[in-house]
Amino acid sequence: MAPRLPARCWRQLALRPSPITPTTTLPRASLPLPTRSQTRLLSYTQFRTRKSGWSTLPPRAKPHRFNQVTSGLPAPTTGPAAALKRKERTTPVRAGVLAVKKGMTVFMGRTGARIPCTVLQLDRVQTVFNKTRQKHGYWAVQVGMGERQPGNVTAPLLGYYEAKGIAPKEVLAEFRVRDEKGLLPVGVQLLPDWFHVGQRVDVRSYSRGMGFAGGMKRHGFSGQEASHGNSKNHRTIGSVGPSQGSGSRVLPGKKMPGRMGNQRVTIQNLPVLMVDNDLGIVVVKGCVAGHKGAVVRIQDACKKDPPPEDFIEKTRKLLEERFPDAEAHLQAARERHLELKEARREKRIAELMAQGMNPTEEQANAIEQIIAASAREDMAERAPAEF
Amino acid sequence: MSTTPLARRPLSCLKASLRRARQHRIISRHMATEAAQTTASPRPLLGHNFFPLTDRKTKTLRSAFAVYPSTTVAGKKALTPPPVNVLQSLHEAQIKKMDPTGARTALFAKTREAAKVGDVLMVTHRRGGEPFAGVCLSIRRRGIDTAILLRNHLGKVGVEMWFKIYNKNVAGIEIVKRRPKRARRARLTYMRKPKHDMGSVEDLVFAWKRSRKVFSSGKPAAAATAAKGAKGAKGTAGAKKK
């Protein structure tokens with residue numbers, strides 16, 4: 001919208017040329033030019049201030065006119081865009097999954113090889129949310145795993161899951177991806193075949209907590225002598241620095257006793273030995289930090305090439321085949337969420353609860369189809385067993 | 001009270017008629033849904049329960065949220081939570097793959113006929129070399145990673161070796177001599193002490209080979225099978241070449 005002209009301009013337009021003005025103009029008053037100048041919009045004297053003035057230019061709090069793209073300057077090396085660009089190579093193309101460390105075992109090869117391995121189980125891993133560059137500043141997929149009793153979930157989170165149309169999750173985690181191609185439909189379940197055998201993954205988890213540990217255990221100090229006059233100082237760390245002349249102080253970062261473990265540890269480039277959808281497991285070579293039952297994050301290795309294009313496409317297609325109506329479900333859940341939210345605000349949620357869940361005609365049809373199909377499958381499974 | 005929701009949602013008056021139409025079409029649908037819910041089979045697209053939040057003091061309903069089922073539906077299949085004891089299933093699958101006949105499993109099972117600690121065993125390696133014989137000091141049972149510890153004397157020096165029984169490098173395990181009386185310990189670490197050390201088992205192995213007539217000039221294979229038959233259950237439960 002164009003800026004409004006100040007009132008005095010309108011006033012000047014409305015006014016006729018005052019009789020005083022011809023005296024200020026000299027003999028050429030008979031010409032048409034000076035008469036026009038008498039009805040000018042703005043006066044020559046500058047009296048605009050920040051308070052009363054106006055301008056057609058944008059406010060100059062930030063000097064946008066400098067350092068334009070067209071000015072031929074190099075691209076900035078700092079700022080969000082530069083940071084994303086810098087991290088592009090080490091950000092995985094695809095989202096990762098959450099898993100539970102079930103324990104370690106070995107993988108016996110056909111040729112006598114024996115490979116120690118860790119079994120990681122994916123327990124109902126679902127995508128929950130997508131984060132975008134436009135809205136959040138980076139691309140990421142929020143993934144949830146497991147199941148949590150609704151009673152142990154706070155009300156805000158219950159509303160969050162309600163809007164997504166999925167059950168409350170035990171753990172939520174976020175996996176950054178390179179660009180929008182890495183985003184996933186919300187509510188789909190990621191199975192172990194998200195990875196392929198032989199690919200490299202990074203596995204992150206929290207290591208076992210050791211509590212308050214001494215210098216020998218925590219940093220591998222050698223301790224002190226058992227004898228030669230040593231008195232009750234066999235496992236202490238000894239001196240922590242030189243005395244007068246070197247400042248008589250302890251240097252920052254000195255290794256000392258303290259809390260050990262329970263830190264996030266990343267094991268990079270672990271090869272995947274086996275994936276099994278029925279057992280829901282991904283078996284990786286070697287060991288992974290944390291106790292049995294620890295939650296681990298598995299993602300494509302950031303220091304290796306991403307999985308081949310055709311494999312990524314295959315996993316995408318599998319997702320689409322398995323969850324064709326994920327989008328419709330999400331949309332329906334959102335609508336239902338808005339309805340329930342309004343009801344909660346208007347204190348008539350009890351009414352809706354009494355009313356129960358009334359599926360629409362389409363949903364009723366879908367339910368019937370699913371039930372019929374499962375019944376048919378059951379029959380088909382039973383039939384050969386009887387013979 | 002009843003007019004308020006109608007006024008707010010004028011289309012909801014269609015619900016009753018739709019419901020009736022559906023009941024007319026398939027009456028058994030509700031029973032089927034009930035059954036499906038109890039057996040945790042595929043859940044409907046937007047079927048959810050309500051989780052009520054009650055006020056602690058007044059014990060009245062404060063709010064309620066929709067809670068969706070934790071089982072996701074993939075197409076026409078319900079994805080149930082994965083089994084809890086995966087390691088066990090994984091071990092079973094691996095053992096089935098590495099030991100299809102089940103001979104090794106039977107040889108170290110907890111049965112009367114199986115090999116036990118204190119028995120003298122002989123392990124043949126797939127890559128050739130001299131078979132290693134020794135007294136079994138312990139059996140470490142870890143599913144696919146199950147291993148045995150054999151102790152022998154080679155040139156008056158005690159030698160102990162671990163063998164993974166399901167490894168393909170272990171071509172055969174044979175019982176050379178059984179311990180006359182069952183050992184009363186699970187791990188016979190005391191047999192490392194000079195007082196209890198068995199020493200070399202070379203003569204035992206030699207005697208066992210002679211009894212199987214391996215050194216006879218006739219037909220070794222036939223003789224061996226004959227010996228095996230004569231020995232019956234006592235002999236080579238796990239004897240297996242390749």
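Please read all numbers here as calculations on a predicted model, not as lab measurements. All chains are named by letter (A, B, ...) in the order of the sequence lines, taking the proteins before the strands, and each is independently numbered beginning at 1.
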Chemist: Testing the basics here: between B:Ser63 and A:Arg344, what is the closest heavy-atom pair and its distance to 0.1 Å?
Modeler: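 In terms of heavy atoms, the two residues are closest at OG-CD, 2.9 Å.
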Chemist: In terms of heavy-atom pairs under 4.5 Å with chain B, which of A:Gly280, A:Pro324, A:Ala163, A:Pro150 leads?
Modeler: A:Pro150
Chemist: Tell me, yes or no, whether the heavy-atom count around B:Glu160 atom CD, taken from other residues, nucleotides or ligands under 6.0 Å, exceeds 12.
Modeler: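 Above 12, so yes.
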Chemist: Taking the side chain from A:Lys102 and the backbone from B:Asn85, do they hold a donor-acceptor pair closer than 3.5 Å?
Modeler: no
Chemist: Does B:Arg185, at its CZ atom, have more than 12 non-hydrogen atoms belonging to other residues, nucleotides or ligands within less than 6.0 Å?
Modeler: no
Chemist: Just by distance, do the side chain of A:Glu162 and the backbone of B:Ala66 share a donor-acceptor pair under 3.5 Å?
Modeler: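 Checked: pair present.
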Chemist: Does any backbone or side-chain atom of A:Leu122 lie under 4.5 Å from a heavy atom of chain B? Answer side chain, backbone, both or neither.
Modeler: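 Contact with chain B: backbone only.
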Chemist: Taking side chain as everything from C-beta outward and backbone as N, CA, C, O, which of these in B:Arg127 sits under 4.5 Å from a heavy atom of chain A? Side chain, backbone, both or neither.
Modeler: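 Only the side chain of B:Arg127 comes within 4.5 Å of chain A.
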Chemist: Relative to chain A, which segment of B:Leu53 carries a heavy atom at a distance below 4.5 Å: side chain, backbone, both, or neither?
Modeler: side chain
Chemist: What's the separation between atom CG in B:Asn169 and atom CE in A:Met108, rounded to the nearest 0.5 Å?
Modeler: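 Between atom CG of B:Asn169 and atom CE of A:Met108 there are 9.5 Å.
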Chemist: Where does A:Ala155 contact chain B at under 4.5 Å (heavy atoms): side chain, backbone, both or neither?
Modeler: both
Chemist: Side chain of A:Arg114, backbone of B:Lys164: donor and acceptor closer than 3.5 Å?
Modeler: no
Chemist: Contact part of A:Pro168 toward chain B, heavy-atom cut-off under 4.5 Å: side chain, backbone, both or neither?
Modeler: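 For A:Pro168, the contact with chain B is made by the side chain alone.
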Chemist: Are any non-hydrogen side-chain atoms of B:Thr80 and A:Arg124 less than 4.5 angstrom apart?
Modeler: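 Answer no - side chains too far apart.
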Chemist: Select one option (side chain, backbone, both, neither) describing which atoms of A:Val119 are under 4.5 Å from chain B's heavy atoms.
Modeler: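 Just the side chain, heavy atoms under 4.5 Å.
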Chemist: Using non-hydrogen atoms only, which part of A:Ile166 is less than 4.5 Å away from chain B: side chain, backbone, both, or neither?
Modeler: backbone
Chemist: If you count every heavy atom of other residues, nucleotides or ligands that lies below 6.0 Å from A:Lys285 atom NZ, does the total exceed 12?
Modeler: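 No, NZ of A:Lys285 has 12 or fewer neighbouring heavy atoms, counting only those of other groups under 6.0 Å.
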Chemist: NZ of B:Lys168 to OG1 of A:Thr111: how many Å apart, nearest 0.5 Å?
Modeler: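 It comes to 10.5 Å.
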Chemist: Please report the shortest heavy-atom distance between B:Pro52 and A:Met353, naming the atom on each side.
Modeler: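 Closest approach of B:Pro52 to A:Met353, heavy atoms only: CB-CE, 4.2 Å.
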Chemist: Looking at every heavy atom in both A:Gln189 and B:Leu79, which two are closest together, and how far apart are they?
Modeler: OE1-CD1, 3.2 Å
Chemist: Which distance, rounded to the nearest 0.5 Å, do you find between the CD1 of A:Ile281 and the OG of B:Ser89?
Modeler: 7.5 Å
Chemist: Can you tell me which portion of A:Asp278 sits under 4.5 Å from chain B's heavy atoms? Options are side chain, backbone, both or neither.
Modeler: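 Contact with chain B: backbone only.
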Chemist: Would you compute the distance between atom CD of A:Gln149 and atom OG of B:Ser70 and round it to the nearest 0.5 angstrom?
Modeler: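 Output value for this atom pair is 9.0 Å.
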Chemist: Determine the minimum heavy-atom distance between B:Phe50 and A:Leu352, stating which atoms define it.
Modeler: CE1-O, 4.2 Å
Chemist: Would you compute the distance between atom CD of B:Gln94 and atom CE of A:Met274 and round it to the nearest 0.5 angstrom?
Modeler: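 Reported to 0.5 Å precision, the distance equals 6.0 Å.
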Chemist: Chain B heavy atoms under 4.5 Å from A:Leu340: which part of the residue, side chain, backbone, both or neither?
Modeler: side chain
Chemist: Using the ring of A:Phe107 (Phe, Tyr or Trp, six-membered ring only), decide whether B:Lys97 places NZ or CZ under 6.0 Å from its centre and within 45 degrees of its axis.
Modeler: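 Yes; both conditions hold, so B:Lys97 lies above the ring face of A:Phe107.
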Chemist: What closest approach, in Å, do A:Gln121 and B:Pro83 show between heavy atoms, and which atom pair accounts for it?
Modeler: NE2-O, 2.7 Å
Chemist: If you count heavy-atom pairs under 4.5 Å between each of A:Gly109, A:Gly112, A:Gly146 and chain B, which one has the most?
Modeler: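 Highest number of heavy-atom pairs under 4.5 Å: A:Gly112.
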Chemist: For residues B:Pro82 and A:Leu279, determine if any side-chain heavy atom of one lies less than 4.5 Å from a side-chain heavy atom of the other.
Modeler: no
Chemist: Any non-hydrogen side-chain atom of B:Thr72 less than 4.5 Å from a side-chain atom of A:Gln126?
Modeler: yes
Chemist: Is A:Arg208 atom CZ crowded by more than 12 heavy atoms from other residues, nucleotides or ligands, each under 6.0 Å away?
Modeler: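 Count not over threshold, so no.
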Chemist: Indicate the atoms forming the closest heavy-atom contact of A:Ala167 with B:Tyr68, along with that distance.
Modeler: CB-O, 3.2 Å
Chemist: Please report the interatomic distance SG(A:Cys117) to CD1(B:Ile144), rounded to the nearest 0.5 Å.
Modeler: 10.0 Å
